[in-house]
Amino acid sequence: MAIKVFNTIAGKKEDFIPIKPDEVRMYVCGVTVYDMCHIGHARAYVAFDVIYRYLKEKGFRVTYVRNFTDVDDKIIKRANELGVKTEEITEKYISEFYTDMESLGVSKADIEPKVTEHINEIIALIQKIIDNGYAYVSGGDVYFSVESFPGYGKLSGRRLDDMKAGARVEVNEQKRHPMDFALWKESKPGEPFWDSPWGKGRPGWHIECSAMSTKYLGTTFDIHGGGKDLIFPHHENEIAQSEGAYKVPFVRYWLHNGFVNINEEKMSKSLGNFFTIREVTSRYYPEALRYFMLGTHYRSPINYSVDAISESEGRVEYYYSTLREMNNAIGSFGGPLKDFPAKEEVDKNLQEFFDSMDDDFNTAKALANLSNLLRLANDIILKRNQYPKDIFRSSLCYIREKIMIMGRIFGIMEKEPLSVLKSITTMKAKRLGIDVDEVSRLIEERSLARKEKNFQKSDEIRDRLLKMGIAIMDTPEGTLWRIER
RNA sequence: GGCGGCAUUGCCAAGUGGUAAGGCAACGGUCUGCAAAACCGUUAUUCACCGGUUCGAGUCCGGUUGCCGCCUCCA
C-alpha cells in the first residue's frame, strides 16, 4: 500500500510518490539557536523523526536535512545583552539542542547545515533572484518583490489583496510593496556582517532555507516540513525565492505539524505559557514526552498538562516492565520458532500498524496495535502453564520481534528495561520527595515479618508505604515496588 | 476584515458512507496470606445543534452555535 500524506499546498491527502522511486529527500526547518527549546520544538522534531524513521523502515533511502539558523536578530540581541559574541550563544544552544534531542530519541539528520557556513550560496541565490527580476536592491538591502512573483500565496492560500497590507507589517520606505521581504539586510554598527555585492550585510530570515535545501537536495525535492506557523510567511517566501531563482517546482509535499497547547491555548513565549524540554525531562522520564506526542496525530493540536505527561510516563513504565517480563520469560531461547495460537492476531496487528502509518503517519491509531501486542504478551506470560515450553517461548519471541519493529519506528522501547524502570522510579521519588533508602529499609523489615508469618506487622508496613505512595509487589523472586502517584 | 482548523464516553484520543480503535480513571472478577502488578469483563443506541443527500452519515452537503490557529518573531 502506498503512503498517503497530507500535503499543505494541495490541502488534502495525496499518494506519496517521491521523485526517485526508492529515494526520499526531505528538509525540515531547524531551530534558531538563541534559547532553550520548548516542547513545541519537541513536537515538531519528534513528528519528523518518526516520519524519517518510517520512510527508512519502508525501504527508502532518505536524505534528511535539518538546519541550524545561527544568524538572526534575536541571536544578536541576546549576544548584545550578555556582552558576548554571537558564536558563544549559538554554540551553547546547538549543544543544548543536541542534549534535548538525544533525551527524546530524536535522531540526527543526515546533514545539519548552519547559515553562517553558507553565506556564499546565499549571496549567489540572491543574485540569481535579482537577475530573474524578482528582487530589487534598495539602499544596502535586497527585497523580494512579491507582486512580481505570480504564485505568491499558493501555499498559505492567501492573496496579496486579502492581507491587510501595512496594518501589522513594519512600515519600511525602502520597500516597494509592504509585503516585500528582505533577502539581504544591510548591517548596522556592531552587528555581524559579510561582504556582498550590495555592501556589508547579512541574510534575511527566509533565504537560508532556500539556499541550503537546494544545495543538499536539489532544486526540486520531496518533502519540506515544519510547524504550522511556518506556512506563512516563512515557507511561502521560500517557495517564492526558490522558484523565482530556479523556475522549477520547489517542493512536492509540504508537511506541517500542529501546535502544543497549554490549557487549550497556543503555547508561546509571548504568552509566557511555555515549558522547555529540559523542564519536562528533568522531572519526567524523557521518553514519556515522546510517547505523549505519539498519542495525537501530528497535524492536530495537542494539549500538554501534568496529568497527560504523568499518564504517558505510566505507559512507558508499563511497556518497559512488559518488555522486562518478556525478556525474563524468553531467556536465552533462540528458536526455532514454532507456530502458536495467537500468531494470526499478532500479524493482523502488525499489518494494521503499517496501514495506519501509511495513512499520513497516524501514530495515534498505530499505537493501539502496539498496546494490543503488549497486552497479548502479558496475557501469554500470565497463562504460561497452559502452553508447552517451546510454544510459550516461541510466541513471546515472535511478539517481541514485532514490538521491536514498532518501537524502532516510534523511537521508543529501544533501551534496556531494567535501567529505564530504575530511572523512572528515581525520578518519581525525586518528584514526590520519597526517600528511596527508607523504602528499601521498610521493605526489608516487611519481608522479615512475612517470613515469620507476622502478617499484621507486614500489612502495617505495607499501609505505611502506601501512604507514602509506594505500591509493593510480592513476586517469587522477591518484593518489587513502584511509586503509585 | 481575510484564510484555515476543530467540536466523539468522566478524561485523553482514533475513526476510509455500512453500523463507535486504543489509553487513563471507575466498578466487578482471576491471581494473592491480604495486596500490588498483570490479565479477563463492564462502562458512548451515540458522535455540538438544525436541516438535506443516501437503502444507510460521526463520516458527504447547507446552515447555526462554541472553541482555536494563521495573517507580526514563532515548531
A quick test of your reading: do over 12 heavy atoms of other residues, nucleotides or ligands sit less than 6.0 Å from CD of A:E416? yes
Mapping A:P301 and A:K266 to their closest nucleotides on RNA chain B, which lands nearer the 5' end? A:P301
With nearest nucleotide decided by heavy atoms, which residue, A:N362 or A:K383, maps closer to the 5′ end of RNA chain B? A:N362
Which is it for A:E147 and A:M179 under the side chain to side chain contact (heavy atoms under 4.5 Å, CB included) test, yes or no, and what are the steps along the way? CA-CA 9 Å; A:E147 286 168 305; A:M179 295 307 294; over 6 Å; no
Using a cut-off of 4.0 Å on non-hydrogen atoms, how would the nucleic acid contact of [X] be classed: base, sugar-phosphate, or nothing?
| X | answer |
| --- | --- |
| A:N257 | base |
| A:E325 | nothing |
| A:V260 | base |
| A:K269 | nothing |
| A:H297 | sugar-phosphate |
| A:F259 | base |
| A:G227 | sugar-phosphate |
| A:L230 | sugar-phosphate |

Euclidean distance for [atom1], [N] against [M] (whole angstrom):
| N | M | atom1 | result |
| --- | --- | --- | --- |
| B:G66 | B:A75 | P | 33 Å |
| B:C61 | B:U53 | C1' | 7 Å |
| B:G28 | B:A37 | P | 14 Å |
| B:C6 | B:U16 | P | 12 Å |
| B:U59 | B:U9 | P | 15 Å |
| B:U8 | B:C49 | C1' | 15 Å |
| B:A57 | B:G15 | C1' | 13 Å |
| B:A20 | B:G58 | C1' | 8 Å |

Is any side-chain nitrogen or oxygen of A:Y319 closer than 4.0 Å to OP1 or OP2 of B:A38? no
Partner of A:K348 under salt bridge (charged side-chain N to carboxylate O under 4.0 Å, His left out), chosen from A:E345, A:E352, A:E344: A:E352
Using the salt bridge (charged side-chain N to carboxylate O under 4.0 Å, His left out) definition, which of the options A:D73, A:D72, A:D141 pairs with A:K185? A:D73
Answer with yes or no after comparing the ring centroid distance for [X] and [Y] against a 6.0 Å cut-off, counting only values under it.
| X | Y | answer |
| --- | --- | --- |
| A:F97 | A:F68 | yes |
| A:F275 | A:Y304 | yes |
| A:H256 | A:H235 | yes |
| A:Y27 | A:F250 | no |
| A:Y291 | A:Y319 | yes |
| A:H206 | A:F181 | yes |

Atom CD in A:E452, atom OG in A:S458: separation rounded to 0.5 Å? 10.5 Å
[X] [atom1] - [N] [atom2] separation (whole Å):
| X | N | atom1 | atom2 | value |
| --- | --- | --- | --- | --- |
| A:R324 | B:A37 | CZ | P | 13 Å |
| A:M267 | B:C68 | CE | P | 17 Å |
| A:M36 | B:A75 | CE | P | 15 Å |
| A:N263 | B:C67 | CG | P | 16 Å |
| A:D355 | B:A21 | CG | P | 17 Å |
| A:R384 | B:C31 | CZ | P | 18 Å |
| A:R159 | B:C71 | CZ | C1' | 14 Å |
| A:K228 | B:C71 | NZ | P | 14 Å |

With the criterion being N/O to N/O and under 3.5 Å, what pairs connect the protein with nucleotides 34-36 of chain B, and how long is each?
from, atom 1, to, atom 2, distance (Å)
B:C34, O2, A:D459, OD1, 3.4
B:C34, O2, A:R462, NH1, 2.0
B:C34, O2, A:R462, NH2, 2.7
B:C34, N3, A:R462, NH1, 2.7
B:C34, N4, A:D474, OD2, 3.0
B:A35, N6, A:D474, O, 3.4
B:A35, N1, A:D474, N, 2.8

Looking only at the side chain of [X] (C-beta and beyond, no hydrogens), which of the listed nucleotides [options] gets closest?
| X | options | value |
| --- | --- | --- |
| A:K74 | B:G69, B:C73, B:G22 | B:C73 |
| A:K365 | B:G22, B:C73, B:A14 | B:A14 |
| A:L382 | B:A38, B:G15, B:C71 | B:A38 |
| A:A364 | B:C40, B:A13, B:A75 | B:A13 |

With centres under 5.5 Å and planes under 30°, do A:F455 and B:G33 count as stacked? yes
Paired with [N] by Watson-Crick or G-U wobble geometry, both distances under 3.5 Å: which nucleotide is it?
| N | answer |
| --- | --- |
| B:U54 | none |
| B:A13 | none |
| B:C39 | B:G29 |
| B:G66 | B:C6 |
| B:U72 | none |
| B:C47 | none |

Under a plain distance cut-off of 3.5 Å, with no hydrogens placed, do A:Y398 and A:D347 share a side-chain donor-acceptor pair? yes
Salt bridge check, A:D474 against A:R446: does any charged N sit closer than 4.0 Å to a carboxylate O? yes
What residues in residues 310-317 of chain A put a non-hydrogen atom under 4.0 Å from any atom of RNA chain B? A:E311, A:R315
